[in-house]
Amino acid sequence: MATGARSVVAAGDIGVVVTGDGNQFQFVASPQRVATSNYRYQVESLAAAEFRGRSQELARMAEFCTAREDADSAEGAYWRWLAPAWAGKTALMAEFVMEPPAGVDVVSFFITSRLNRQNDREAYCEVVHRQFYALLGEEEPAVTEHTREESLLAAMDRAAALCESRGRRLVLVVDGLDEDCGVLAGPGSHSIAALLPRSPKHRMRVIVAGRPHPPIPDDVAHAHPLRSGAIDRWLPPSPYAEVVRREAEDSLMRMLQAGGLARQLLGLVTAAGGGLTATDLARLADTRPRLVEKELSTVTGRAFRVRTPHWSSQDADASASGVYVLAHEEIRRSAVELLTDEELAANRERLHEWADDYQARRWPPRTPEYLLRGYGQLLRAQGDTRRLVRLAGDAHRHTRLWQRSGSDLDGLDELSTAFEGLVAGGCGDPAEVADAFVLAVQRDALLSRSDSLPDALIAVWAGLGRVRRAVSLARARQSEVACLRALVEVVRVLVAKGELQRATEVADEAAQLADAVAGHGRREAVTYAVVMLAVVGSTNRAYNMACTQVPQQGQDEVLASAAMAALYAGQRGTAEILARAAAASLPDTVPVMEAQAMILDSDCPRAVAVIRTVGDRGLRAQLLADAASAMAEDGHTDAVLVAEEALAEAVAEGGQRALIAAALAIAYAGEPRRAGEICRSLSDPFDRMTSLARVAAVLATSGEVGEAADLAHESAALADKVTADNQRADGLTMAAVALALARQHQSAVELLAPLRSAVAREEAAADMVRGLAETSDDLQRATELAHSLSSPRSRSRALAYLAAAHLAAGDRARAQALAQEASDATRENTGWGNFHHVAQLATVLAQAEAPGLAVEAARKIDEPDRQAMALTQAAGAAASDKPGRGADIARKISSPVRRS
């Protein structure tokens, strides 16, 4: 039940809908952060220093891309250059991308092993996804490893449609399909080629290039154009490319023969797989960056090229951050063959020591990009599972990756690779069992972070104009129902801001998601989708979805809920139609709708007349109480009389909920003492406790702080009579909010002390912040309380409520700062805060005959009682086979009672 003076509560046989002035926010629009792609810098670094010739080939490509007629088949939308190594394929493709024909928008990706993380499906998705959103002029959504491919394909389709609507054409260019390291023999292939569209839409064209000998990957569909020779064009080798080849090969041999710094730099770049800056190389070679640059800028260094870093191209100092790679894949292969195994091993050991140093310092802000992106790929290529496990299980590394990249995809990718390495090795040793469990815990922590983001925070991001971010955060949730619940708030915010078109797009997407939900969550998922469609005014779709996807006995309840949501979103026509549709089995829906509309319009006397026609007495009492509260706020002298009428109806009906509503109405109407007496007459201790707290809040907001504090303490004193832990927590939280509104903040916090666990106390404190944020003008103390919370989850939720309050007040800058702080708080969970995870790990290790590791795992639990519980479980597991080992674990329990 909402506590605001103009709250409206609908219950009884039409379902339950809660709203009120506290939920009506005025949002200040802000410009969207449009995605930008810096991949052009990467293409520039791949382009020939002096591109010559190929005018005929470029003209043919331009003609293919600008032809007015549509392709007569899927093959007609594809063009494939085939040529051997050193023919000049990459130079030609780069020139085309840098200087596209008029009327053509190009999105490109160059597959190469010379650049770290630029030769697999994940890199393709990341790079091309950003280019599509830059072309769309929208903020790029954050995606998970599970949603990135579907998001990429959807963005491709939308970008092609946008280009077509502008009289232009989208062309996707992919070079080096033969260098895709994700291609395997067999059904386990995950190639870039398989992500290329089978039937390009909206007049889109696709140009690819590669060598002729690698077969098409197994995961490419049999009917895909890539399997057709009709798309092939043979590219004759360029004489200029041959010159570059000879120069690079000569340079390679000179560096090998020169020895000293030149050979050392060659060895380091070869061992690393490329991607090292001059500063990185100087650190590894124990020299100065200037000497590295001088060495690699001479004729000796023609075996190298300078590339733009993946992330640093967006930094202010990007001009000084170029990374060195070998000039061609064939040069890289030659270097591997010509350097000795001992040299390569020694250089890899330097890289390991370098990485160990940064890991020991918890990956500080200036961690080199190579260590965050390229080093993991090196470990994967070398099959170094031990180091990869240590790297992938590092929570501090996950945080730094998220800060640099904006997502958890890199961290999840490392975790998956490390886990697969353990599984491939058999995972039989107890230490490997522990490693596997640690990786699972960390993976669960990364995946659960999206679920821990409060709905309020997602709504705030939408209110700040970061709609794509809000939608992507909702999408990232593992539960479809949780995703849809968050999207409801996003849609409401967009409608309140007047962005009906965007709200409709989100609602349409939500309807498709709900349609795919099966099982016990389907009814709830469909209800959320119907509500969203109603909120955006899609009356027919809302009605049809309710009637076709909800069992007949529940259809009218869903329609009634959607009608209420539409009413509060300002969609009066939709609300009326859906209410009348629901009236077939819920006849009170129409008068309830009419009365609530009148209350919103401050036409309370007419609303009272309509309410009196409601057939359900309990519902009638609650609606009269809400009308009385609104009348009191507007200064109507008849508010007391309507409140008395509500009380009489509630007494006659006999329900506790109606009596509580009447008591609050009487309090709002200026008789709080009498309201307190009504609350004390309630039979249920929980109802008595919470209703007294609500009346105390009314007193506090009206300035009667002394009486409010007394009533709040009286409410809290009833906690011992409430048996359910969750109800006790709710009651104490409401009493604490009333005390805080009465300016007794320390006493309010102390009221939460009886709660049985630190988690419950912090969750209650977050709820207290919510109550203050929604009902108090003084947010400073609420902010202090939010910052005092140690639980990242509780602190994030509290900060989200404060961000919403500041946004409602028009302080967009403060709201954005708090929203970012709330988002950052969710990153602090390392996975070890989950008692059940750690206790299970300790038990598994004990059963795997690793008692020392079991004790070490259990001691990661900070709370003494829970640590003792985990050790007790582990001791029992070990004792089932070997009592002596169980006893050894038991002796590590600090609590004498549990130890005995």
Side-chain angles (χ1 to χ4, degrees), residues 362 389-390 392-399 415 429-449 451-452 725-726 728-729 752-766 788-797 825-900:
R362 297 186 172 185
V389 166
R390 189 159 61 91
D394 190 333
H396 299 292
R397 179 178 175 83
H398 298 157
T399 298
L415 283 164
D429 184 84
E432 291 178 340
V433 173
D435 287 339
F437 206 99
V438 167
L439 294 178
V441 168
Q442 295 292 6
R443 178 180 172 83
D444 185 69
L446 289 187
L447 291 173
S448 65
R449 281 172 181 170
D451 286 343
S452 67
D725 288 347
N726 62 325
R728 186 185 307 109
L752 304 178
L755 295 178
R756 294 181 179 176
S757 71
V759 173
R761 287 192 291 273
E762 295 237 329
E763 285 294 287
S788 72
L789 301 178
S790 59
S791 162
R793 184 185 185 95
S794 300
R795 187 166 69 255
S796 174
R797 196 158 61 86
T826 64
R827 314 299 307 171
E828 298 175 23
N829 177 26
T830 65
W832 292 110
N834 189 316
F835 160 72
H836 299 289
H837 282 157
V838 185
Q840 188 177 356
L841 172 58
T843 300
V844 169
L845 290 171
Q847 291 171 331
E849 300 184 2
L853 290 172
V855 172
E856 182 181 342
R859 283 181 172 168
K860 289 182 177 289
I861 302 172
D862 295 328
E863 202 169 334
D865 286 346
R866 290 194 162 192
Q867 183 188 110
M869 191 183 304
L871 286 169
T872 301
Q873 293 173 3
S880 62
D881 290 330
K882 297 189 177 181
R885 284 186 176 161
D888 289 341
I889 295 175
R891 292 188 183 98
K892 304 297 183 181
I893 301 173
S894 58
S895 167
V897 175
R898 287 194 178 274
R899 186 167 64 247
S900 64

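The residues of the chain are indexed from 1 along the displayed sequence.
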key: Listed partners of Arg797 passing side-chain hydrogen bond (donor to acceptor under 3.5 Å, both in side chains), at least two apart   = Glu763, Asp767, Tyr801

ask   = With sequence neighbours excluded, what pairs up with Arg390 under the side-chain hydrogen bond (donor to acceptor under 3.5 Å, both in side chains) test?
value = Asp356, Gln359

Output all residues satisfying side chain to side chain contact (heavy atoms under 4.5 Å, CB included) with [X], sequence neighbours left out; order by chain, then residue number.
X	result
Arg362	His396
Ala764	Thr733, Leu752, Leu755
Ser757	Val759, Ala760

Is the backbone of [Y] close enough, under 3.5 Å, to the side chain of [X] for a donor and an acceptor to pair up by distance?
X	Y	value
His398	Ala392	yes
Ser794	Ser790	no
Ser900	Pro896	yes

Set of salt bridge (Lys or Arg N to Asp or Glu O under 4.0 Å) partners for Glu762, sequence neighbours left out = none

Pairs under 3.5 angstrom only: tabulate donor-acceptor contacts from the side chains of residues 886-894 to other protein residues two or more places apart or in another chain.
{"residue": "Asp888", "atom": "OD1", "partner": "Arg891", "partner atom": "NH1", "Å": "3.0"}

